[in-house]
Q: 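Here it is, the structure, as structure tokens.
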Amino acid sequence: MTPNSFEALPLAAPLQRVLRELDYHTPSPIQSQAIPLLLEGRDLLGCAQTGTGKTAGFALPILNALHENPRRMQTRKCRTLVLAPTRELAAQVGKSFATYGQYVQFSHTLVYGGVGQNPQVNAMRRGVDVLVATPGRLLDLIDQRHVDLSAVEFFVLDEVDRMLDMGFLRDVKRIVSLLPKRRQSLFFSATLAPNIVNLAHTILNDPAQVTITPQFTTAEKIEQRICFVDRSSKKPLLEELLRKQAAADTQNLSIVFSRTKHGANKLAKALSAAGIPADAIHGNKSQAQREKALARFKRGETPVLVATDVAARGVDVRDVGLVVNFDLPNEPEAYVHRIGRTGRAGADGRAVSFCAEDELEYLRDIEKIIKMSIPCWDDHSWHVEAVAERHARGTAPARKKASKPGNGRRRSFRRRSASRA
Ligand code: AMP
């Protein structure tokens with residue numbers, strides 16, 4: 001039986017207290033299934049997307065163990081190691097541990113690249129209970145003997161699918177080889193492709209498996225729409241959407257996805273010039289610039305964030321009401337990750353994707369993995385019927401050859417939610 005309240009879970013008083021203060025009443029499905037297994041000491045293979053509450057799902061039982069079994073810190077060592085693919089996600093996980101563990105006596109620190117290593121080395125000198133790290137910088141510090149993994153009791157690999165997409169497989173394997181054999185391991189991924197399951201089995205010992213959202217299905221709370229347009233119409237359509245969103249009473253923050261860093265910069269500038277304050281975050285921005293942009297976004301000072309896929313990982317902002325795919329991603333899984341930035345923790349959200357004629361193949365790949373056809377939104381002045389029809393007929397042209405669409409503009413609202421033959 002899975003518990004339907006946090007009180008029913010055998011979590012220690014300091015954790016129950018923080019959950020009450022945070023107003024968390026009901027465990028999310030991943031929490032109610034994973035927490036009891038983790039409290040029993042089982043290894044876990046979790047198939048769950050961001051936004052399902054998985055961070056509390058692993059942080060609460062680990063904090064519970066640290067609280068019940070406090071130990072003196074050993075220099076350069078950590079009792080818990082959480083590996084995350086990006087610094088934003090690592091920072092987010094670190095923040096979650098700090099929040100959930102605010103009444104627990106424990107120490108934690110972050111290790112990630114893009115910033116000076118000295119403060120991280122100093123923090124590790126004393127040893128910590130929880131180290132949240134990205135793989136590259138962690139290995140740098142291990143190689144310089146500033147970090148020693150021989151005392152790890154809890155090992156969490158978060159967002160493994162992303163980790164592999166980013167080319168961290170070798171780093172992860174090296175890190176795992178440095179861990180003690182006796183440990184509790186937790187492995188989370190939004191997808192369970194065969195290479196991911198294989199990796200999981202080399203790391204986990206007789207794991208329990210918890211699958212939350214079925215593989216590749218997108219969160220039900222998110223209203224998805226596709227707009228068939230010319231490339232040149234994307235900007236005015238975006239401005240119209242963002243102006244409407246900014247006027248909304250609640251959830252007025254928007255994230256716009258661009259395929260390239262250059263595109264993200266250009267778009268943020270153009271939007272700001274058009275009177276819609278926007279910031280860009282991507283891999284070429286320094287950590288300080290990204291953090292500043294994120295803070296301004298959270299405060300609503302710049303209600304629009306233009307992001308690339310990697311930079312948006314770990315962005316956890318509750319009031320994101322709209323995600324716009326200005327460009328469709330060429331990897332279909334990225335679509336699921338992108339739209340998961342809205343509709344967080346049960347809130348409603350909208351995801352609007354722009355599709356020009358040369359992106360029809362990407363759309364087809366996306367619809368294949370989400371197992372639905374995204375309803376078309378054509379009640380705007382830039383709809384191109386010829387592209388919509390080409391998609392409906394399934395005759396996308398070769399990716400590079402973007403022929404000029406005809407003048408098939410129409411202003412009618414039509415939904416294509418029924419699956420096509
Ligand atoms: P995550 O999937 O871990 O990134 O969590 C998504 C969001 O859900 C975060 O903003 C959490 O603070 C929030 N959250 C997690 N668990 C709960 C819960 N049981 N009740 C309410 N909010 C939650």
Q: Which heavy atom of Pro303 sits nearest to which heavy atom of Pro277, and what is that distance?
A: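 Where Pro303 meets Pro277 most closely, the heavy atoms are CD-O, 3.5 Å.
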Q: Are Arg174 and Asp143 close enough that some pair of their side-chain heavy atoms sits under 4.5 Å apart?
A: yes
Q: Nearest 0.5 angstrom please: Ser353 OG to Ile339 CD1, how far?
A: 7.5 Å
Q: Could you go step by step and tell me if Gln224 and Arg350 meet the side-chain hydrogen bond (donor to acceptor under 3.5 Å, both in side chains) rule?
A: CA-CA 6 Å; Gln224 301 172 63; Arg350 280 196 310 150; over 6 Å; no
Q: Can you name the salt bridge (charged side-chain N to carboxylate O under 4.0 Å, His left out) partners of Arg17, sequence neighbours left out?
A: Glu21
Q: Hey, what do you get for SG (Cys355) to CZ (Arg390), rounding to the nearest 0.5 Å?
A: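 Cys355 atom SG to Arg390 atom CZ measures 11.5 Å (nearest 0.5 Å).
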Q: About how many Å separate CG of Leu157 and CD1 of Ile203, when rounded to the nearest 0.5 Å?
A: 5.0 Å
Q: If I compare all heavy atoms of Met166 with all of Pro85, which pair ends up nearest, and what's the gap?
A: CE-O, 3.6 Å
Q: Does Thr191 offer a backbone N or O that forms a donor-acceptor pair with the side chain of Ser189 under 3.5 Å?
A: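 Looks like yes, one N/O pair under 3.5 Å.
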Q: So, taking the atom named OG in Ser254 and the one named CZ in Arg243, what distance separates them when rounded to the nearest 0.5 Å?
A: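 Here the interatomic distance stands at 12.5 Å.
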Q: Taking side chain as C-beta onward, heavy atoms only, is Asp309 less than 4.5 Å from Phe257?
A: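 Sidechains of Phe257 and Asp309: in contact.
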Q: Can you list the residues that meet the ring-ring contact (aromatic ring centres under 6.0 Å, His included) rule with Phe106, with sequence neighbours excluded?
A: His108
Q: For residues 194-202, please give each side-chain donor-acceptor pair under 3.5 Å, one per line with the distance, not counting sequence neighbours.
A:
| from | atom 1 | to | atom 2 | distance (Å) |
| --- | --- | --- | --- | --- |
| Asn198 | ND2 | Pro194 | O | 3.4 |
| Thr202 | OG1 | Leu199 | O | 2.6 |

Q: Say you draw a straight line from CG of Asp206 to CZ of Arg42; how long is it, rounded to the nearest 0.5 Å?
A: 5.0 Å
Q: Taking all atoms of both residues into account, what is the closest heavy-atom pair of Ile222 and Ala351, and its distance?
A: CG2-CB, 3.9 Å
Q: Please report, to 0.1 Å, the donor-acceptor pairs under 3.5 Å made by any side chain of residues 125-139, with sequence neighbours excluded.
A:
| from | atom 1 | to | atom 2 | distance (Å) |
| --- | --- | --- | --- | --- |
| Arg125 | NH1 | Asn122 | OD1 | 2.9 |
| Asp129 | OD2 | Ser107 | N | 2.9 |
| Asp129 | OD2 | Ser107 | OG | 3.4 |
| Arg137 | NH1 | Tyr112 | O | 3.4 |
| Arg137 | NH1 | Val115 | O | 3.2 |
| Arg137 | NH1 | Gln120 | OE1 | 3.0 |
| Arg137 | NH2 | Val115 | O | 2.8 |

Q: Going by the rule ring-ring contact (aromatic ring centres under 6.0 Å, His included), which residues pair with Phe188 if we only count those two or more places apart in sequence or in a different chain?
A: Phe58
Q: For Ala264 and Ala280, work out which heavy atoms get closest and say how close.
A: O-CB, 3.8 Å
Q: Is there a donor-acceptor pair under 3.5 Å between the side chain of Glu367 and the backbone N or O of Ile374?
A: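 Such a contact is found between Glu367 side chain and Ile374 backbone.
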Q: Would Glu389 and Phe228 count as a side chain to side chain contact (heavy atoms under 4.5 Å, CB included) here? Give the steps.
A: CA-CA 10 Å; Glu389 273 169 11; Phe228 294 104; over 6 Å; no
Q: Does the side chain of Leu44 reach to within under 4.5 Å of the side chain of Pro207, using non-hydrogen atoms?
A: no
Q: For residues Lys54 and Ser28, determine if any side-chain heavy atom of one lies less than 4.5 Å from a side-chain heavy atom of the other.
A: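 Lys54 vs Ser28: side chains apart.
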Q: Within a strict 4.5 Å, meaning less than it, do heavy atoms of the Arg79 and Leu66 side chains meet?
A: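 They are in side-chain contact.
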Q: For Phe97, what residues pass the ring-ring contact (aromatic ring centres under 6.0 Å, His included) criterion, not counting sequence neighbours?
A: none
Q: Please evaluate residues Asp43 and Leu186 with respect to the criterion side chain to side chain contact (heavy atoms under 4.5 Å, CB included), reporting the C-alpha separation (whole Å), side-chain torsions for both, the decisive distance (0.1 Å), and the verdict.
A: CA-CA 6 Å; Asp43 277 10; Leu186 290 63; 5.9 Å; no
Q: Test the Lys234-Phe326 pair against the cation-pi criterion, namely NZ or CZ under 6.0 angstrom from the six-membered ring centroid and within 45° of the ring axis.
A: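 Relative to the ring axis of Phe326, which defines the angle, Lys234 lies inside both limits.
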Q: Could you state the interatomic distance from OG (Ser258) to CG (Leu267), rounded to the nearest 0.5 Å?
A: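 Answer rounded to 0.5 Å: 6.5 Å.
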Q: Do Leu60 and Gln31 have side chains that approach each other closer than 4.5 Å (heavy atoms only, starting at C-beta)?
A: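 No; the side chains remain at least 4.5 Å from each other.
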Q: Verify side chain to side chain contact (heavy atoms under 4.5 Å, CB included) between His67 and Gln105, making sure each step is shown before the conclusion.
A: CA-CA 7 Å; His67 172 73; Gln105 288 259 342; over 6 Å; no
Q: On a heavy-atom basis, which atom in Gly116 and which in Pro119 lie closest, and how many Å separate them?
A: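 Nearest heavy atoms, Gly116 then Pro119: O-CD, 3.8 Å.
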Q: Find out whether Leu192 and Gln209 are in side-chain contact, i.e. whether some heavy atom of one side chain is under 4.5 Å from a heavy atom of the other.
A: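 Of all side-chain heavy-atom pairs linking Gln209 with Leu192, at least one is under 4.5 Å.
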Q: Pair Arg338, Asn325 - check side-chain hydrogen bond (donor to acceptor under 3.5 Å, both in side chains), show working.
A: CA-CA 8 Å; Arg338 286 178 176 193; Asn325 289 311; 2.9 Å; yes
Q: A quick test of your reading: do over 12 heavy atoms of other residues, nucleotides or ligands sit less than 6.0 Å from NZ of Lys77?
A: yes
Q: Can you see which heavy atom on Glu239 is nearest to which on Leu271, and at what distance?
A: CG-CD2, 4.0 Å
Q: Please confirm whether the backbone N or O of Val229 pairs with a side-chain atom of Ser233, one donor and one acceptor, at under 3.5 Å?
A: no
Q: Do any N or O atoms from the side chain of Asp158 and from the backbone of Ala84 form a donor-acceptor pair under 3.5 angstrom?
A: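 Not at all, since once roles are kept as given, no pair shorter than 3.5 Å links the two residues.
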Q: Can you check side chain to side chain contact (heavy atoms under 4.5 Å, CB included) on His146 and Met124, steps first, answer last?
A: CA-CA 7 Å; His146 294 306; Met124 283 311 296; 5.6 Å; no
Q: Would you call Val210 and Leu37 a side-chain contact if the rule is heavy atoms closer than 4.5 Å?
A: yes
Q: Applying side-chain hydrogen bond (donor to acceptor under 3.5 Å, both in side chains) between Glu153 and each of Arg183, Gln184, Arg71, report the one that passes.
A: Arg71
Q: Verify, without hydrogens or angle tests, whether Gln144 (side chain) and Asp140 (backbone) share a donor-acceptor contact under 3.5 angstrom.
A: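 It does hold such a pair.
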